[in-house]
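Order of the sequence lines sets the chain letters (A, B, ...), proteins ahead of strands, with each chain counted from 1. Computed from a predicted structure; not experimentally measured.
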2 protein chains.
Amino acid sequence: MSDTPRRDIHNSDLPIACRACEARHKGICGALKPDQLLHLAKHTNRTNHTPDTELLASGEDSHHYSNVIKGVVKLTKLMADGRQQIVGLQFSPDFLGRPFRKQNDSYAEAANTVQLCSFPRNVLDDMVKQFPDLEHRLHEQALKQLDEARDLMLTLGRKTANEKVATFLHMIAIHNDPELEHDSQQIEFELPLKRADIADFLGLTIETVSRQMTKLRKAGIIDIRNNRTILVPDLEALEDACESL
Amino acid sequence: MSDTPRRDIHNSDLPIACRACEARHKGICGALKPDQLLHLAKHTNRTNHTPDTELLASGEDSHHYSNVIKGVVKLTKLMADGRQQIVGLQFSPDFLGRPFRKQNDSYAEAANTVQLCSFPRNVLDDMVKQFPDLEHRLHEQALKQLDEARDLMLTLGRKTANEKVATFLHMIAIHNDPELEHDSQQIEFELPLKRADIADFLGLTIETVSRQMTKLRKAGIIDIRNNRTILVPDLEALEDACESL
DNA sequence: CGAAGGGTTGATCTCTGTCAAGTCTAGTGG
DNA sequence: CCACTAGACTTGACAGAGATCAACCCTTCG
């Protein structure tokens, strides 16, 4: 083992933290070759955050980007009088930050226990200029988030409270297990958000969220194991509830 | 005048349609050098569309992208039972289409009289692979639309009907004249959307939009010259109305 | 002139927000 | 081990913002 970089870089030469990292494959780091990853890894550091910790301030300059390693991050907008709206949720290999602009117009908060892998703005900005593949990945991320945002807009503008809650539960369900077979098998999952966050995500109040959850429970569409654990006996029934006039 | 291409290409050698085109500077074509533009221009054609014409279908494969040259395009999502939500408005030099995916999950419709400059998918896709600058432009477009989508999400989820309508009018006002001085001067503008579209944009009904417009009129915040023409005597007053509990 | 499309206004209903009380659980300290 | 507290969640009673239903006006166009 020498500490001078070698020409032929094997997988074992990847930074330790990167080896088992999801962002390494599906996230933006998937665009990087081992030596580029090594370069970036020199400047990264992992951080853990408890629920409701601020991760990215709105308005002020932000000096770093991050990958979401574990947990769920909520992107929130708020109004002067305290009303607030969650405009996006970021899951595991998602990229956190607004490229090409120092200021964010929403702020990021940990929804549950979150682990980030952060790196300085300028390091990534420089790499983006050099490696078109990296920009392509970021572009794909932006488009994915745009698609999600527009789905949520339909939910916010046109769905009833009941449909909103069903839509949210469905989103979390398929996110937890995207591979799941669609032959009506049951699934159980943890809610990464508490009721207040769900309300801010769906443009409702806590009380209405609670009421619609019990309504879905009484209709047999979900089973509430405990406040944060939901069991869906029949996914199709839940899907129907997302758009049932 | 020869019709063989020359080596040194002056501005006058640009495709005629491109010379006065806004997309040439602020739009995605701004990333292209004259010869690249010439290549693209070989495959473009301009089309005019009357209000409520479908420009881009949802679900089916789409074979072309476009730049919006004139008019306003609405991106709409609709539910099985007919409820619909406008998830985005595209103005003059905006790019229309979903890169890297054949299918759109929303469809595009002309809001007023629209002129497009369209080109085949594969021509642009090939150029994107060759010219990183072009992808950068598209990326910026996507991020801009994401910012706009998130602004609208706050409006949809948390604002009152009155604030929603004020927010919409304000958006159109500053869009029509982004240079306007903020010293309370009055501005007049045309609404590119009819009431039904405004309702679909804001997640309201036609009736509520109408009521809130007259409410704003009676409050002296706007003057309705005719159905489609609005005069704002004091822009700050309108801004206040966008977030007045 | 009549019809159609776009817009306004009124009366009424209903969904969701507001206010308030109460339950459940986890955590703390005696 | 138990009492106490705080936070998250639920449930109920009530009110209000916006939807619905319906009538009507205005302009345009054949």
Side-chain angles (χ1 to χ4, degrees), chain A residues 50-52 79 81-85 111-113 155-169 190-219 222-230 241 244-245, chain B residues 50-53 79 81-85 110-113 155-169 190-219 222-230 241 244-245:
Chain A
T50 52
D52 294 325
M79 295 170 63
D81 58 12
R83 281 176 284 176
Q84 60 181 59
Q85 173 70 42
N112 49 15
T113 302
T155 301
L156 287 172
R158 290 304 186 194
K159 291 194 183 178
T160 66
N162 199 258
E163 293 168 333
K164 282 180 178 181
V165 172
T167 303
F168 170 75
L169 294 174
E190 291 285 302
L191 290 179
L193 274 61
K194 60 187 170 206
R195 300 291 185 275
D197 289 334
I198 299 175
D200 281 340
F201 185 70
L202 296 172
L204 298 171
T205 59
I206 302 177
E207 294 92 326
T208 302
V209 171
S210 183
R211 271 186 258 272
Q212 302 307 329
M213 300 253 325
T214 66
K215 202 171 158 191
L216 288 170
R217 175 171 58 73
K218 285 179 180 165
I222 61 171
D223 184 7
I224 304 177
R225 311 308 284 260
N226 65 55
N227 285 340
R228 289 291 193 111
T229 315
I230 304 292
S244 64
L245 190 64
Chain B
T50 53
D52 294 325
T53 314
M79 295 171 65
D81 58 12
R83 282 177 283 177
Q84 60 181 57
Q85 172 70 41
N112 49 16
T113 302
T155 301
L156 286 172
R158 291 304 187 195
K159 290 193 184 178
T160 65
N162 198 257
E163 293 168 335
K164 283 180 178 180
V165 172
T167 303
F168 170 74
L169 294 174
E190 292 285 303
L191 290 178
L193 274 61
K194 62 187 170 205
R195 299 291 184 275
D197 289 335
I198 300 175
D200 280 340
F201 185 70
L202 297 173
L204 299 171
T205 58
I206 303 177
E207 294 93 326
T208 304
V209 170
S210 181
R211 273 186 255 273
Q212 301 306 328
M213 301 250 328
T214 65
K215 202 172 159 190
L216 289 171
R217 175 172 58 73
K218 284 180 181 166
I222 62 171
D223 185 7
I224 305 177
R225 310 308 284 259
N226 65 53
N227 284 342
R228 288 291 193 114
T229 315
I230 303 293
S244 63
L245 190 66

So, OP1 or OP2 of C/dT8: does either fall under 4.0 Å of a side-chain N or O from B/Arg195? yes
Any side-chain heavy-atom pair from B/Thr155 and B/Phe168 closer than 4.5 angstrom? no
Counting only side-chain N and O atoms of A/Thr214, is one of them less than 4.0 Å from OP1 or OP2 of D/dT11? yes
Test side chain to side chain contact (heavy atoms under 4.5 Å, CB included) applied to A/Met213 and A/Ile224, A/Thr208, A/Asn227, the passing residue: A/Ile224
Can you tell me which nucleotide in C/dT16, C/dT8, D/dT10 comes closest to the side chain of B/Ile206? C/dT8
Side chain of B/Thr205 only, heavy atoms from C-beta on: which candidate in C/dG17, D/dA19, C/dT9 is closest? D/dA19
CZ of A/Arg228 versus C1' of C/dC24: gap in Å, rounded? 15 Å
From the set C/dG7, D/dT10, D/dA19, return the single nucleotide nearest to any side-chain atom of B/Leu204. D/dA19
Of the candidate nucleotides D/dG18, D/dC9, C/dT8, which contains the atom at the shortest distance from the side chain of B/Asn227? C/dT8
With the side chain defined as heavy atoms from C-beta on, B/Ser210 is closest, among C/dT8, D/dC9, C/dT16, to C/dT8
What distance do B/Ile230 atom CD1 and B/Arg217 atom CZ have between them, rounded to the nearest 0.5 Å? 10.0 Å
Just how far, in rounded Å, is P of D/dT11 from NZ of A/Lys215? 14 Å
With nearest nucleotide decided by heavy atoms, which residue, A/Arg158 or A/Lys194, maps closer to the 5′ end of DNA chain D? A/Lys194
Would you mind telling me which of D/dA22, C/dT16, D/dT11 lies closest to the side-chain atoms of B/Glu207? D/dA22
Separation of C/dC15 atom P from A/Lys164 atom NZ, nearest Å, is 14 Å
Under 4.0 Å between a side-chain N or O of A/Thr208 and OP1 or OP2 of C/dC15? no
Whole angstroms only, please: what is the CG-C1' distance between A/Leu191 and D/dT10? 15 Å
With rounding to the nearest 0.5 angstrom, report the CD1 to OG distance, B/Ile198 to B/Ser210. 10.0 Å
Which residue, A/Gly203 or B/Arg211, contacts DNA chain C at a nucleotide closer to its 5' end, judged by nearest heavy atom? B/Arg211
Take the protein atom CE of A/Met213 and the nucleotide atom C1' of D/dT11, then report the distance between them rounded to whole Å. 14 Å
Whole-Å distance separating the CG atom of B/Asn226 from the C1' atom of D/dT28: 13 Å
Please give, in whole Å, the distance from D/dA17 P to B/Lys159 NZ? 18 Å
List the steps and the verdict of side-chain contact (heavy atoms from CB on, under 4.5 Å) for B/Lys194 and B/Asp52. CA-CA 11 Å; B/Lys194 62 187 170 205; B/Asp52 294 325; 2.7 Å; yes
